[in-house]
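Just so we're clear, the structure is a prediction, and the values are computed from it rather than from any experiment. Naming: A, B, ... by sequence-line order, numbering from 1 per chain.
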4 protein chains.
Amino acid sequence: MSVNKETGQPKFRRRADDRPDEVLDAAMELFTAQGFANTKVEQIARLAGLSKGAVYLYFPSKQAIIEALVRRAVTPVAERAMAHARAFAGDPRLGISATLRQLAHGLVDAKMLAIPKMVVREAAQVPELAQMYRREVLDRVLPAIAMLIQRGIDDGYFRPVDADLTLRSLIGPILVHLMLADVFDITPPEGLAFDRLIENHLSILFDGLSVSGKAGAR
Amino acid sequence: MSVNKETGQPKFRRRADDRPDEVLDAAMELFTAQGFANTKVEQIARLAGLSKGAVYLYFPSKQAIIEALVRRAVTPVAERAMAHARAFAGDPRLGISATLRQLAHGLVDAKMLAIPKMVVREAAQVPELAQMYRREVLDRVLPAIAMLIQRGIDDGYFRPVDADLTLRSLIGPILVHLMLADVFDITPPEGLAFDRLIENHLSILFDGLSVSGKAGAR
Amino acid sequence: MSVNKETGQPKFRRRADDRPDEVLDAAMELFTAQGFANTKVEQIARLAGLSKGAVYLYFPSKQAIIEALVRRAVTPVAERAMAHARAFAGDPRLGISATLRQLAHGLVDAKMLAIPKMVVREAAQVPELAQMYRREVLDRVLPAIAMLIQRGIDDGYFRPVDADLTLRSLIGPILVHLMLADVFDITPPEGLAFDRLIENHLSILFDGLSVSGKAGAR
Amino acid sequence: MSVNKETGQPKFRRRADDRPDEVLDAAMELFTAQGFANTKVEQIARLAGLSKGAVYLYFPSKQAIIEALVRRAVTPVAERAMAHARAFAGDPRLGISATLRQLAHGLVDAKMLAIPKMVVREAAQVPELAQMYRREVLDRVLPAIAMLIQRGIDDGYFRPVDADLTLRSLIGPILVHLMLADVFDITPPEGLAFDRLIENHLSILFDGLSVSGKAGAR
DNA sequence: AATGAATGAGACTTCATTCAT
DNA sequence: GATGAATGAAGTCTCATTCAT
């Protein structure tokens, strides 16, 4: 075993195919915590357990790291979300509910949340990030959800509302909830309470959307 | 009197008093467009019409600029929002509606939107920003809105929901709508259509909140 | 006088319009001695008496320095050489002789020689240098000399030779003489002896070019 | 015998003996095209068909490569040139003519020209190169040519000129011709035309050197 | 013998901040 | 007060060389 007796650490580690992933993991952690501009390549390297120079064996530039980061995270997310959105053939409210819960629980994981946070934060500097995220995630997931809403209307579950706008009513609260907690440290007394939020939100929303007549809004 | 008798200074002092504000205006524009780290002090100075060195006559450091920026913007916003929230004595739905519209229209103005955007983006680097924004804006405005909702419940307009969570259902869609447009360039076909969004959203929300029984949500 | 009492050196020197020239002087010395790639910007800065960063106030990059260096040196050289070449109306041999001597003596000055040396050495890396030197110097000076030779032929002083090729016979020896001395430290016993070289060379050349019949070469 | 009985090694040892030469070939090509400083060891390795690490099995450093390169090239050149210089017993003009043509044609080959080009270019950085080249090539070849000239004088073919200086008149034009073409892309209209150059040059030179009196130069 | 992943010193360049004028 | 030349720390990226395999 080629291990340094003093430190117990091998000096080199060779042919590690998962080095790039380790670099990305380290970069995500640091970018999330400090932002892209404030993270030094050396920090990423140290956290990934290699030297500054070695990072450049795997990525041609610092910007390439953040792009690879988003690219890596983006595809599986879209896949899973759309699987949910398509899975429900009957009452579309069940599909909406499941999709929303899955989305919310996914985002509670700091690892998952980190990517969209980073994309939003660095969008002005690295527009490719926003474009990629839009193309790979939003342009697939949002229409899928809008279609669920539309089916709800077509099948007589919902009033005839604008599905695209209603989509925003559907997902917006999740975003605010997360942002208040994450950025401003504002949560319900007992913690994040994501389940209660969704419960409350959907009960209002589905009621508000139901066809059984009621006094108009405003 | 064109000369101050005490100091002997000429009346027009080259608007020295406005200088700090001009610096802040310039900084806000640049921070919004490029982010804090990517904005050079020289750029701010040039846009404000003075020299790099002069900026340091008014602010001790670059970070002091962003802090002053948020501090300046933060107070009047809170004032106005709370004025609205308190103004409605009758049907609280009117108050909510008015407050939301005012909030939305305020944020359509790039100048207004810039501050929270900046706060969110730089929160990780300069936690003071988030703290200040929370203290001066959120901790005043959010409870005021929550109180409106609570009054709606107490006065029999709304079902007994959790006002704090419902608050998120109320304002979330506005945020998503703006973010989709601003970061990802995703808008309804005809443009931002903020009015339609709010119309649609409130109609759903108020219906969903109304007391007249309905099939329970899921 | 704003001079540091300890060192006698002012810490800053402001508004020095000749700073760029001082940087170029320093750069020429170092590029000549060590080559472009081996010269660090910091060395140039120190030799020019300013800081690394200040160099970038005057030149946007290291390569811009070498380009400016050649550009600065190139114009006056061409002017003077062509003035000589045009000045002789009578026996063109006098013009050739004077031009050659002027060229040779000019190049004895290390400052003058440095530029073409640098151009030749770095031509492969920075092709712009060679292009600029050709355009500004060679394309003007060489035809002027060739024209002198041609006039020598037309006026009956020289045999009908190819002026362009003979041009090479004319200036070549100066180049070899310099290169042997400069690169390989090979000189006549008494030193550079440029005058003796030219005397010897021109006596052979003019004899070889004269029309008075002689046994053909080879 | 396909296996060495002593060592038990297979007969074909993957041409390990040729490896150093292949490295030198690759290095020469790259140094010529890009200069020493701009050539990466990895490039040399790849072009030589082996790995970066293997280069260091044969050469202790990058600088050792360029030194070996010159050393390898230097000896045979001197041999051949001196063979020519000594071969002509009769009219030394024939010897000079043949030597010059051989020199010129040798240098047309990019491979041959590469070495002196490299030596000149890198002389300032690696003085050993210039010293070695002088010792092995110039100090042998130049005196041999000078001796031919001297014999021309002694035998009554040439006027009594300084053989060392005339040597420069002899070889200089070849150098300028090559340099104009190689560095500045300046050639006669039909191409390099080396034969015409030499023809023209020698006809002038031999005429100029011949004893039959003529009007003095100048 | 051979590989190529890894290292780390050091290059160029940027920019917040200072200070002589 | 105002300027902008000057500084120098610090960042990104390169590459000769080493070494585990």
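- In this structure, Lys62(C) reaches the sugar-phosphate backbone alone: every heavy-atom distance under 4.0 Å involves primed, P, OP1 or OP2 atoms, never a base.
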- Message: Determine whether Gln125(A) and Glu122(A) satisfy the following criterion, side chain to side chain contact (heavy atoms under 4.5 Å, CB included), listing intermediate values before the conclusion.
- Response: CA-CA 5 Å; Gln125(A) 321 264 358; Glu122(A) 311 297 344; 3.9 Å; yes
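- Per the geometry, CZ belonging to Phe59(B) stands 15 Å off P belonging to dA16(E), to the nearest Å.
- Remark: DNA chain F forms stems of 3 or more consecutive Watson-Crick or G-U wobble pairs, all pair distances under 3.5 Å, at E:2-21 with F:2-21.
- Distance CG (Leu57(C)) to C1' (dA16(E)): 14 Å, rounded to an integer number of Å.
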Which donor-acceptor pairs under 3.5 Å do the side chains of residues 27-37 of chain D make with protein atoms, sequence neighbours left out?
residue	atom	partner	partner atom	Å
Thr32(D)	OG1	Met28(D)	O	2.6
Gln34(D)	OE1	Thr39(D)	OG1	3.3

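- For Arg19(D) and dA1(E), the shortest distance from a side-chain N or O to OP1 or OP2 is not below 4.0 Å.
- Within the 4.5 Å cutoff, the side chain of Tyr133(A) has no heavy atoms near those of the Val183(B) side chain.
- For the pair Arg46(D) (side chain) and Leu50(D) (backbone), a donor-acceptor distance under 3.5 Å is present.
- Across all strands, Leu50(A) comes closer than 4.0 Å only to sugar-phosphate atoms, never to a base (heavy-atom distances).
- Position along DNA chain E of the nearest nucleotide to Gln63(B) versus Arg46(A) favours Arg46(A) as the more 5'-ward residue.
- Arg72(B) meets the salt bridge (Lys or Arg N to Asp or Glu O under 4.0 Å) test with Asp21(B), Asp25(B); sequence neighbours excluded.
- Residue Ile44(A) contributes atom CD1, which lies 10 Å from atom P of dC13(F) at whole-angstrom precision.
- Rounded to whole angstrom, the span from the CD atom of Gln125(C) across to the C1' atom of dC12(E) amounts to 16 Å.
- Residues satisfying the side chain to side chain donor-acceptor pair (under 3.5 Å) criterion with Lys117(A), sequence neighbours excluded, are Asp182(A).
- Within residues 28-43 of chain D, the residues approaching DNA chain F are Thr39(D), Lys40(D), Val41(D), by heavy-atom distance under 4.0 Å.
- Place Gly49(C) and Gly53(B) on DNA chain F by their nearest nucleotides, and Gly53(B) ends up nearer the 5' end.
- With contacts defined as side-chain heavy-atom distances shorter than 4.5 Å, the pair Gln131(D)/Arg134(D) does not qualify.
- Judged by distance alone, with hydrogens and angles left aside, Lys52(B) brings a side-chain donor or acceptor within reach of the base of dT17(E), the pair sitting under 3.5 Å.
- Distance from the side chain of Tyr58(B) is smallest for dA2(F) among the nucleotides dT7(E), dA2(F), dA5(E).
- Considering Val41(B), Ile44(B), Asp18(B) in turn, Ile44(B) is the only one that fulfils the side chain to side chain contact (heavy atoms under 4.5 Å, CB included) rule with Val23(B).
- Rounded to whole Å, the distance from CD1 on Ile66(B) to C1' on dA16(E) is 15 Å.
- You'll find that the side chain of Tyr56(C) is closest to dT13(E), out of dG4(E), dT3(E), dT13(E).
- The side chain to side chain donor-acceptor pair (under 3.5 Å) check on Gln43(A) picks up nothing, with sequence neighbours excluded.
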